[in-house]
Amino acid sequence: MSSTVTRRPAPEATRHEAAAPRRRTRVFALPEARWAAASLALFLIALPLQLTGAPAALHGPLYAAAYVTGGWEPAWSGLRALRRRTLDVDLLMIVAAIGAAAVGQMTDGALLVVIFAASGALEALATARTADSVRGLLDLAPATATRLLDDGGEETVPTCALAVGDTLLVRPGERIGADGRVLDGVSTADQATITGEPLPVAKEPGDEVFAGTLNGTGALRVRVERDAADSVIARIVAMVEEAAETKAPTQLFIEKVEQRYSVGMVATTLAVFAVPLGFGAGMTDSLLRAMTFMIVASPCAVVLATMPPLLSAVANAGRHGVLVKSAVVMERLGRIDTVALDKTGTLTEGTPYLVAVHPLPDGGPADGAALTEDALLTAAAAAEHRSEHPLARAIVRAARERGLDLPVAQDFTSTPGTGVTATVQGRTITVAAPPRPSSGAHDSAPNQLTACTRELEEAGHTVVHVRREGVTVGVLALADRVRPGAAAALAALRTLTGSAPLLLTGDNPRAAARLADQVALTEVRAGLLPQDKAAAVRELAHTGRKVLVVGDGVNDAPALAAAHTGIAMGQAGSDLALETADAVIVRDELATVPAVVALSRAARRLVVQNLAIAGVFLSGLVLWDLAGTLPLPLGVLGHEGSTVIVGLNGLRLLREPAWRRACAPTPRPRSDRAG
């Protein structure tokens, strides 16, 4: 069933518009962020006063206020944990900060409180943003749909009330309300949110459609085949949430380590205070020894041993267009040993381009002369000028890039799923998909046309025919374009990980194979739905691989969430992909993917160095305090000195040479790469 467009429809949605609506929790809507900001502000006011020699009566209350605003939440949380007979590091740090204040080191304690408050705020923000993105995905499916009644009438019902077997009317430009199958009508559907295909897909009776995808310019009657809770969109949401929950065992392990450290720290501090008392030492001396132990045994240097290298790497990557969402993510990037990439919008630009113009020698005007390439492209672009289809925009763009003057077309009509027809310079021009073999379409040069069409399609191109007065006069081939530097980036990733990257795409096998040939990929999995991509990632994970997934669409979100680490393309990426991924490439430069992996590994090497330095200082000072008499000023000097050393060592990755070295990584031993 075809229809003539009598009025200009709303422009077809782009891949961005088809993505989940943006729901973003504001930073200062979170109480953790407000308390952390207040604590930091108070600290920044108090520190200059102290450094300029102002009386303690001025900066002392400010430090105390910084303690309260930044520390009351972890302190309260720690006290509640105590009621459950558990200890955590947050409470231990608050006790250490109070102990520092008790022995006159109020500035150190306040800084410790500020650091932990900021960390808690960032964690709360990340949790809120993830929840926002999952809720936003549900908005892809429309709230209502038009259900057809048995008597031929229509009714608008909530999509959650649809049942299997219902028949829906989907008008041009509407989102499809449920997963189902086309009963009647011809149109196209933008399925980028589900399959990642860059171009709208033709839909005719018998074809499957998905909830939340955008209908084109034709009307469809669709039979519902899945309940709303079982739709592809709903399954994507469930998979994202499930994949996020699989990180819980790691969190439980961390909590066990915190518990043991906290118990050991408290027990040792009490022993350092009580044992000397039992042997007749004075109360003041015992308390001073215990406070000194509390300071030198506090894990400030250990914490800074980890954070400065990773945060420096995060900052350096950010300057070069890679937003890594946390230091934890930066550390995880260095552990990956397998890379899986999406095709459309990731390895390719996600936009069709004209790649070939083939005039037919026997398809010219009545005088027998074939059209030139420019004449053929001019006629096609003039006819397509009023169309909003991505292929039409690509043809018009190519004509303009060649500097061609496009005549005004008249009597423009569009046949959904097929093509357009218009009158150009008195001739009827049709730009349409190749006729189906069963259609019995006649052509003046069938053998040459068929051979040309087959050759282009086998090369992975999308083919359209240009007809003048019903006679095919030429063939246009369009294709998505590989991103600059894609092959080099994949080669660098192969060198870093020691294994070949693989392609996971929802596009058709021919297009996937063509791309793989262009960028030297050997493993390709095509025609995948979102759950198939996530299953492939989990399959690799079950074999012990630590998988990095690079993608851009909503359809990549389950795989991004299931992966050891996920990176999203920032310009082409959907909101859900950007929120689900652990890092975002702002300028869509694939070369930054191996660079940030190499930078992460450099950061991890510095972390090991810093941990060794911190461990030597901490153990030496603790042994000195336990076995001898460590003067408090010397203990503070040793503790702060180790903190400064590991901090400065970690900041080395802020320098530009660190990024340049990361952009040209050298192969490393397998043990170092696996981390």
Side-chain angles (χ1 to χ4, degrees), residues 5 8-18 188 190 192 196-202 214 216-217 343-359 371-410 412-425 429-434 456-457 459-468 473-486 507 511 514-515 518 552 569 571-572 587-589:
V5 178
R8 187 180 183 87
E12 195 168 277
T14 64
R15 301 181 74 225
H16 290 286
E17 292 165 342
T188 59
D190 184 347
E197 292 173 286
L199 303 176
V201 179
L214 190 70
T217 56
K343 171 183 173 288
T344 304
T346 302
L347 286 175
T348 69
E349 296 179 354
T351 303
Y353 288 87
L354 184 69
V355 296
V357 180
H358 291 289
L371 292 177
T372 64
E373 287 191 9
D374 285 352
L376 176 62
L377 183 56
T378 298
E384 292 276 24
H385 189 264
R386 295 174 58 188
S387 174
E388 295 289 347
H389 196 281
L391 292 181
R393 293 196 292 269
I395 293 171
V396 173
R397 181 173 59 247
R400 287 174 173 166
E401 288 174 353
R402 293 194 183 194
L404 302 178
D405 293 327
L406 303 184
V408 177
Q410 299 175 336
F412 173 83
T413 59
S414 172
T415 303
T418 302
V420 302
T421 299
T423 301
V424 180
Q425 295 179 326
I429 302 296
T430 300
V431 185
L456 291 171
E457 288 182 337
H461 299 312
T462 298
V463 177
V464 296
H465 289 177
V466 182
R467 301 186 184 94
R468 172 182 276 181
V473 294
V475 176
L476 305 180
L478 300 100
D480 199 357
R481 189 157 62 186
V482 178
R483 290 190 185 278
D507 214 340
R514 175 176 173 270
L515 174 71
Q518 290 179 285
D552 71 304
M569 308 299 284
Q571 292 182 351
R587 294 189 290 269
D588 287 0
E589 296 175 353

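Only heavy atoms go into these numbers, but all of them, side chains included; no hydrogens, no water, no symmetry mates.
- Here the shortest heavy-atom pairing between Ala409 and Val424 reads CB-CG2, 4.0 Å.
- With sequence neighbours excluded, the residues satisfying side-chain contact (heavy atoms from CB on, under 4.5 Å) with Glu373 are Val357, Pro359, Arg402.
- Counting only heavy atoms from C-beta outward, the side chains of Leu377 and Ile395 approach each other to under 4.5 Å.
- Nearest heavy-atom pair, Ala379 versus Ile429, reported as atom, atom and distance to 0.1 Å: O-CG2, 3.8 Å.
- Judged as a side-chain contact (heavy atoms from CB on, under 4.5 Å), and not counting sequence neighbours, the contacts of Ala486 are Leu347, Val482, Val519, Leu590.
- Contact between Thr378 and Pro407 at its shortest, heavy atoms only, is CG2-CD, 3.7 Å.
- For Arg397 against Pro352, the heavy-atom pair with the smallest separation is NH2-O, 2.6 Å.
- When atom types are taken as modelled, the side chain of Arg386 and the backbone of Gln410 share no donor-acceptor pair closer than 3.5 angstrom.
- Across all non-hydrogen atoms, the minimal contact from Val466 to Ala380 is CG2-CB, 3.9 Å.
- Remark: side-chain polar atoms of Arg483 are paired, donor with acceptor, to backbone N or O of Thr346 under 3.5 angstrom.
- Side-chain contact between Lys343 and Thr348 is present, with at least one heavy-atom pair separated by less than 4.5 Å.
- Counting all heavy atoms, side chain and backbone alike, Val420 lies closest to Ala383 at CG2-O, 3.9 Å.
- Note: Asp480 CG to Leu515 CG = 8.5 Å, rounded to the nearest 0.5 Å.
- To the nearest 0.5 Å, the span separating CG on Leu476 from CG on Leu391 amounts to 10.0 Å.
- Considering CZ of Phe412 and OG1 of Thr423, their distance stands at 12.0 Å, rounded to 0.5 Å.
- Atoms OG1 and NE2, on Thr430 and His465 in that order, are 12.5 Å from each other to the nearest 0.5 Å.
- In this structure, CZ in Arg400 is found 4.0 Å from NE2 in His385, a value given to the nearest 0.5 Å.
- Rounded to the nearest 0.5 angstrom, Arg393 CZ and Leu354 CG are separated by 15.0 Å.
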